[in-house]
Structure formats: structure tokens, C-alpha cells
Number of protein chains: 2
Amino acid sequence: MTHENTDYVDILRTHGYRVTMPRMIVLDAVCAHEGHAAIADIQRLVYDMDPTIDRSTIYRALDVLVEVGLVVESDLGHPGKVYSIAGEANHHHLVCLQCGKVLSIRRDVIMGLKAQIHEAYGFDLQADHLTLNGLCRDCQSKKPPHSL
Amino acid sequence: MTHENTDYVDILRTHGYRVTMPRMIVLDAVCAHEGHAAIADIQRLVYDMDPTIDRSTIYRALDVLVEVGLVVESDLGHPGKVYSIAGEANHHHLVCLQCGKVLSIRRDVIMGLKAQIHEAYGFDLQADHLTLNGLCRDCQSKKPPHSL
DNA sequence: CAGCTTATTGCAAAAAGTCGCAATATCAGC
DNA sequence: GCTGATATTGCGACTTTTTGCAATAAGCTG
């Protein structure tokens with residue numbers, strides 16, 4: 001996935017951040033990885049492009065990229081977080097608490113909720129990339145329904 | 001001590017877990033702490049009750065308590081997760097990404113979403129305690145480019 | 001495009017979280 | 001109540017993530 005069409009330079013600047021080599025390389029790494037990239041994936045890709053970039057710099061770059069909305073961070077349950085490009089992140093995740101399976105659902109599924117919350121609380125839900133937990137179809141049938 | 005709620009013994013057993021001292025003490029610690037308890041809070045409270053309980057045991061106990069639904073885990077943005085008692089968690093959280101404010105919303109707000117997801121994907125959404133991010137009313141109007 | 005201001009980096013060290021394993025404690029069955 | 005099977009603990013070692021700080025580089029100004 002490329003991000004050539006995105007004005008990530010402007011996005012960083014308007015948020016008051018500087019455009020630096022490490023940040024662009026980290027962004028490239030997230031782009032280069034299909035689907036969800038774990039930290040280990042990103043670190044490896046970044047290292048291939050520039051071995052001098054430090055681990056801590058990668059963490060900090062990811063934080064910045066997430067904050068400005070270029071990258072999306074998800075906690076899928078298992079240790080460590082995963083990252084994906086915000087552009088292709090117009091979907092949300094259903095993570096099964098039992099088997100760990102990850103389903104992707106269409107973005108508009110939560111649009112009703114977003115509107116509802118905004119009306120009732122004046123809160124503008126960030127609807128980019130949510131992670132919702134529960135039980136997938138298979139695990140529901142395996143484990144008899146115990147009140148959750 | 002929350003002897004008022006004797007359900008936790010049954011709940012643990014029904015899920016195939018044993019009822020142990022460390023787990024009860026960790027549960028007590030989460031109970032004892034008003035609102036959201038950070039790991040550091042829990043560790044301190046647990047230590048006060050029993051200094052021999054290990055760090056790793058606390059982490060593992062929290063995992064179990066979260067899995068059986070007695071305790072609720074939230075990622076509020078800043079490093080580390082926070083925990084709260086599920087009993088008081090007939091609500092969900094809206095966390096402002098800008099100012100960190102935490103709003104509680106009523107549980108039934110997401111019931112429509114739950115039904116919708118179940119119909120479309122057969123996924124049983126765990127609707128106990130969601131943490132949703134976004135911008136609160138104040139920060140929407142302010143929207144300063146860069147700060148925390 | 002040189003100089004200035006300040007955000008950002010790399011490093012090193014600390015803190016937070018995870019994991020394997022022997023010892024221990026829970027609980028079912030007697 | 002004992003006893004045995006086994007889930008759980010505490011420990012230590014390990015990996016992952018965060019943080020403070022001096023050196024560096026980005027981006028403004030003229």
C-alpha cells in the first residue's frame with residue numbers, strides 16, 4: 001500500500017509536528033505491511049530501510065502517526081499492539097475473546113451509534129478503527145451461553 | 001472486602017477457574033479503588049493486603065478476572081491499562097483523546113449495535129464495558145492543533 | 001542559504017509486562 | 001477430613017515499552 005496520495009506532510013505540520021526521516025520510514029513500513037503490522041514487523045521493515053533508527057524512535061514515531069490519524073492502533077487482545085494505515089482502516093474489528101479470531105466489519109455499521117452518541121452526549125466518536133470484543137459464532141456454540 | 005457479592009466464587013468456578021487468595025485480593029483491590037485503578041494502584045493495594053503476592057500473579061489474576069467478566073479493562077490512551085469492577089460497569093466509556101476526560105454512557109446505547117452485529121456476523125458482542133475514543137464537546141470547539 | 005530556536009533523535013538505563021518451571025494450594029472423590 | 005490430579009503461584013530470567021538527556025536536525029526568519 002502506498003501513501004503517495006496522502007498529504008501526510010501537511011497532516012504532520014498542521015498538527016505541529018516536523019517531517020522527519022524516521023517518521024516517514026516508519027510510515028512506509030506500516031504501509032508496506034499488508035493488514036495489521038505488529039511492532040516486530042515494523043521494526044524489521046524499518047531496519048531494512050535504515051538500520052540506525054532506534055527502537056524508541058519507532059515507538060515514538062508510531063505514537064505521533066497515530067495521534068495525527070495517519071496510522072491506526074489496535075489492541076487485539078494478545079500482547080502487543082498492531083498498526084495499520086488509516087486509509088484502509090475504514091473498518092472495525094470484532095475480536096473473539098475465546099479463539100482470538102479477528103473479523104473485520106464495515107465502517108457504517110457503527111455510524112448509527114456515532115450519531116446517537118453525538119446527539120445524547122455531544123461527544124464526537126472517533127469512528128476510524130474500533131476494536132470490539134465478544135464471542136464469534138463458533139465459540140458461542142462450543143461454549144454454552146453463559147451470561148456475559 | 002466485598003462480601004456482598006458472593007457471585008464471584010461461582011463465576012470463577014463456572015469458567016473453570018479456581019478461587020484463590022491472590023485472585024480474591026486482587027479483586028478486592030480493584031473494588032477498593034474508586035473509579036479506574038491503574039496497575040500501580042492495584043499493586044500497592046495488593047501489597048498492603050499481602051506483600052508476598054508477586055507482580056506476575058497480579059497480572060495473571062487480572063487477566064482471569066477480566067476474562068470471566070468480573071473486572072473490566074480499559075485502554076485510556078496513556079501508557080498502561082486501567083481496571084474497574086464490572087458490577088458498576090453497566091456503562092461504557094467515552095474517552096476524549098485531547099483532554100483525557102472520561103464520560104460514562106448508558107449501556108443500552110450500544111444495544112442496537114450489538115443486535116445489528118449479531119444479525120450480520122453472528123458475533124456476540126461483549127457489551128459490558130466498551131471504551132470508545134473521540135473528542136468531547138469542549139475539545140471539539142477548542143480543537144487546538146497540538147497539545148496534550 | 002546561514003543562523004537561530006526548538007522538536008526530535010539515539011543512546012542507555014529504568015520500568016512494565018511476559019514466560020517457563022518447580023513448589024504449592026485448590027478442589028473433587030472417596 | 002484425607003488424598004490425588006492438576007491449576008496456580010512465586011521466582012527468576014527474559015522481552016517489550018518507556019523515559020531522561022545531550023547531540024542533532026527541521027523549519028522559520030531575514
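Only heavy atoms go into these numbers, but all of them, side chains included; no hydrogens, no water, no symmetry mates.
Rounding to whole angstrom units, CD1 of residue A:I42 and P of D:dT16 are separated by 14 Å. Note: CD (B:Q43) to P (C:dA16) measures 7 Å, nearest angstrom. Residue A:D41 contributes atom CG, which lies 15 Å from atom C1' of D:dT16 at whole-angstrom precision. Computed from coordinates, the B:E67 CD to D:dA7 P distance equals 14 Å when rounded to whole Å. Rounded to whole Å, atom P of C:dG17 lies 7 Å from atom OH of B:Y83. If you measure from atom CZ of B:R23 to atom C1' of C:dC27, you get 13 Å, rounded to the nearest angstrom. Here C:dT8 presents its P atom at 17 Å from CD1 of A:I58, a figure rounded to the nearest Å. Between B:L62 atom CG and D:dT8 atom C1' the separation is 15 Å, expressed in whole Å.
Ionic pairing of B:K114 and B:D124 is present here: one or more N-O contacts between side-chain nitrogen and carboxylate oxygen are shorter than 4.0 angstrom. At a threshold of 4.0 Å, the pair B:R44-B:D41 counts as salt-bridged, since one of the basic side-chain nitrogens sits closer than that to a carboxylate oxygen. Taking 4.0 Å as the cut-off between side-chain N and carboxylate O, A:K81 and B:D75 count as a salt-bridged pair.
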*Determine, for nucleotides 18-30 of chain D in 5'-to-3' order, which nucleotides have protein heavy atoms under 4.0 Å from the base (write B), from only the sugar-phosphate (write S), or from neither (write -).*
BBB----BBS---

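Surrounding OH of A:Y47 are at most 12 heavy atoms belonging to other residues, nucleotides or ligands under 6.0 Å away.
Between A:P22 and A:T57, the shortest heavy-atom distance links the atoms CB-CG2, 3.7 Å.
With contacts defined as side-chain heavy-atom distances shorter than 4.5 Å, the pair B:L113/A:I110 qualifies.
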